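For reference, the structure is listed below as structure tokens.
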There are 2 protein chains.
Amino acid sequence: MVHMNNRSGTETKKRILQVAAEVFAEYGYAEANMRLISRSAGISVGGLYLYFKDKEDLYLTLMNESLDYINQKTRDALKDTHDPIEAITSLITLSVNYAKTNRERILLQGRELGFSFGLEVKKKFFKERRRLIEEIIRDGVAKGVFRSCDPAEKAKIIFSLLRGFVVSIIIDDEALFAAEECLDLILNGLLK
Amino acid sequence: MVHMNNRSGTETKKRILQVAAEVFAEYGYAEANMRLISRSAGISVGGLYLYFKDKEDLYLTLMNESLDYINQKTRDALKDTHDPIEAITSLITLSVNYAKTNRERILLQGRELGFSFGLEVKKKFFKERRRLIEEIIRDGVAKGVFRSCDPAEKAKIIFSLLRGFVVSIIIDDEALFAAEECLDLILNGLLK
DNA sequence: TGTTCATATGAACCATTGTTCACATGAACT
DNA sequence: AGTTCATGTGAACAATGGTTCATATGAACA
């Protein structure tokens, strides 16, 4: 069942990416092996290397794809939002919902934490998300909606909260919380 | 048997554990190999297997040791604290400081997230920590210090916050926050 | 029809690694 | 002295896995 033209090539590449995402998500990078990926994609091992330089290349392609996707979604969600409360609500809700409904993508980038390669790309992504939160808080303070505070520091905390949520998706469902409860805590605090 | 080299034996075991903690922390479980551990401990590969059944046994011994240690520290810190604000302050401060000053131990248990073995032990540990936070909040609500809320849900959120902090220790120093700022957010929220 | 080349194959290569085992050592005890 | 046994050695085994390469196929085109 082999077609030998360009069309077939890109189709195959897509199939490989799709299957690889599943395998990496289930086994993690180290445990995933090229034979399994090739078999699942209905291609030979050697065939993989026609489309990707090596295992690392395959993984990084997937990860960049994921990060781009969520960046785009976030931009869309916050596009016309100028109210700080609404903005922070959108961001938290979007993040929580994305993580819940895209477990595979989350596993892909979060399964192994201490990766050497790919870490820089991820870090840049994280930094951008912190900056986004910081802007919202800074705006809220400027508009007199939020208390006066250090936006950068508070942004790190809210970012950590979402980071923790993502980890819970990976290893510990029981610790997952609802977006509304989270917003209530962030906005109002525990005190009476 | 009270035979001679008993002394030497326990010393060696201690040395192996110490070195293994470093190696696992640096390379993660999958990437760490028994030859490196043995070499660093100044013992032969075969020697390792006199003290530990296998690689997994060695790793689990270390992890249990770590979890026991932090459990003990937490109990000590909260022993005579009956004021909810003081309690939550102690817990957050302790968690943040422990993570900062025991990076190696954090790496040990957090480097690879999706482990099959060891996951149950960790989950039990996490559950206990959530329960601890929940109790503090419940107490705070009962005493009229905290607003009326769902303590279990709010506990998950604070737990996630600390979980995120731990991840930042592992991969992303820039996202680390100060305990006081964190407490300020948890207690007072962002709103004016 | 014959040539070309993108696409595809999978056995083989090579390095790595957890684990075992036959064997060594030396202190304690008889 | 000799025996015992905890402690220690490292070559060898077996399994795994990333990568390469000689080889094949067939669609497109001359």
Side-chain angles (χ1 to χ4, degrees), chain A residues 1-63 111-112 115-118, chain B residues 1-63 108 111-112 114-118:
Chain A
M1 200 69 59
V2 263
H3 312 252
M4 307 284 171
N5 50 30
N6 277 331
R7 167 71 71 65
S8 156
T10 55
E11 293 293 320
T12 308
K13 186 164 186 173
K14 252 191 248 172
R15 209 173 58 245
I16 293 174
L17 282 171
Q18 192 183 319
V19 165
E22 293 167 22
V23 175
F24 279 132
E26 181 167 357
Y27 296 95
Y29 183 82
E31 235 65 44
N33 74 74
M34 300 299 267
R35 282 170 181 81
L36 176 57
I37 293 174
S38 70
R39 213 181 310 133
S40 307
I43 202 182
S44 63
V45 229
L48 287 183
Y49 289 83
L50 289 175
Y51 299 95
F52 300 95
K53 195 177 137 286
D54 49 25
K55 192 184 180 185
E56 185 176 324
D57 181 31
L58 176 53
Y59 177 81
L60 284 182
T61 302
L62 281 168
M63 212 185 56
R111 199 95 166 31
E112 276 114 357
F115 255 176
S116 42
F117 64 87
Chain B
M1 294 302 156
V2 205
H3 269 119
M4 79 103 214
N5 272 350
N6 212 332
R7 179 63 156 285
S8 156
T10 54
E11 293 293 321
T12 307
K13 185 163 187 174
K14 252 191 248 174
R15 209 173 58 246
I16 293 174
L17 281 171
Q18 193 183 319
V19 165
E22 293 167 23
V23 175
F24 279 131
E26 181 167 357
Y27 296 95
Y29 182 83
E31 235 63 44
N33 73 74
M34 300 299 266
R35 281 170 183 79
L36 177 56
I37 293 174
S38 71
R39 213 180 310 132
S40 307
I43 200 181
S44 63
V45 229
L48 286 184
Y49 289 83
L50 288 174
Y51 298 94
F52 300 95
K53 193 175 139 288
D54 51 25
K55 192 183 179 186
E56 185 176 323
D57 180 31
L58 176 53
Y59 177 80
L60 285 182
T61 302
L62 280 168
M63 212 186 55
L108 188 69
R111 200 95 168 29
E112 275 112 358
F115 256 176
S116 42
F117 65 85

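Values in this document were obtained by computation on a predicted structure and should not be read as measured data. Sequence lines set the chain letters: A, B, ... in the order given, protein chains first and strands last, and positions in each chain run from 1.
- In this structure, the CG atom of A:Asp57 is 14 Å from the P atom of D:dG18, given to the nearest Å.
- When each of A:Gly46 and B:Ile43 is assigned the nucleotide of DNA chain D with its nearest heavy atom, B:Ile43 is the one assigned upstream, toward the 5' end.
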Quiz item: B:Leu17 and B:Leu58: side chain to side chain contact (heavy atoms under 4.5 Å, CB included), yes or no, with the steps?
Solution: CA-CA 8 Å; B:Leu17 281 171; B:Leu58 176 53; 3.9 Å; yes
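- Non-hydrogen atoms lying under 4.0 Å from DNA chain C are contributed by B:Ala32, B:Asn33, B:Met34, B:Arg35, all within residues 25-38 of chain B.
- Residue B:Tyr51 places at least one side-chain N or O under 4.0 Å from the OP1 or OP2 atom of D:dG8.
- Taking the six-membered ring where the residue is Trp, the centroids of A:Tyr59 and A:Phe52 are separated by 6.0 Å or more.
- When the P atom of D:dG8 is taken as reference, atom CD of B:Glu11 falls 11 Å away, rounded to whole Å.
- Atom CD of A:Glu22 sits in a crowded spot, with more than 12 heavy atoms from other residues, nucleotides or ligands closer than 6.0 Å.
- Between B:Phe24 and B:Tyr29, the angle of the ring planes stays under 30°, which puts this pair in the parallel group of the 30/60° scheme.
- Whole-Å rounding puts the B:Asp54 CG to C:dT17 C1' distance at 14 Å.
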Exercise. Dump the intermediate steps for side chain to side chain contact (heavy atoms under 4.5 Å, CB included) on A:Val23 and A:Glu26, then the final yes or no.
Key: CA-CA 5 Å; A:Val23 175; A:Glu26 181 167 357; 6.0 Å; no
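- At the phosphate of C:dA8, OP1 or OP2 sits under 4.0 Å from a side-chain N or O atom of A:Thr12.
- One atom, OH of B:Tyr59, and another, P of C:dG18, lie 15 Å apart when rounded to the nearest Å.
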Quiz prompt | Nucleotide pairing, DNA chain C (Watson-Crick or G-U, distances under 3.5 Å), in dot-bracket with [ ] and | | solution = ||||||||||||||||||||||||||||||
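- Checking D:dG10, C:dG18, C:dA8 against every side-chain atom of A:Ser44, the shortest atom distance belongs to C:dA8.
- Side-chain rings of A:Tyr49 and A:Tyr51 stay apart, their centers remaining 6.0 Å or farther from each other.
- Atom OH in B:Tyr49 sits about 16 Å away from atom P in D:dA11, given to the nearest Å.
- Remark: A:Leu60 CG to A:Lys53 NZ distance equals 10.0 Å, nearest 0.5 Å.
- Nucleotide D:dG18 holds its P atom 15 Å from the CZ atom of A:Phe52, rounded to whole Å.
- Rounded to an integer number of Å, the gap from B:Leu50 CG to C:dT20 P is 12 Å.
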Exercise. Kindly indicate, with the supporting measurements, whether the criterion side chain to side chain contact (heavy atoms under 4.5 Å, CB included) is fulfilled by A:Arg35 and A:Arg39.
Key: CA-CA 6 Å; A:Arg35 282 170 181 81; A:Arg39 213 181 310 133; 4.1 Å; yes
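- Between A:Asn33 atom CG and A:Ser38 atom OG the span is 8.0 Å, to the nearest 0.5 Å.
- Of the candidates D:dT7, C:dT19, C:dT9, the closest approach to any side-chain atom of B:Lys55 belongs to C:dT19.
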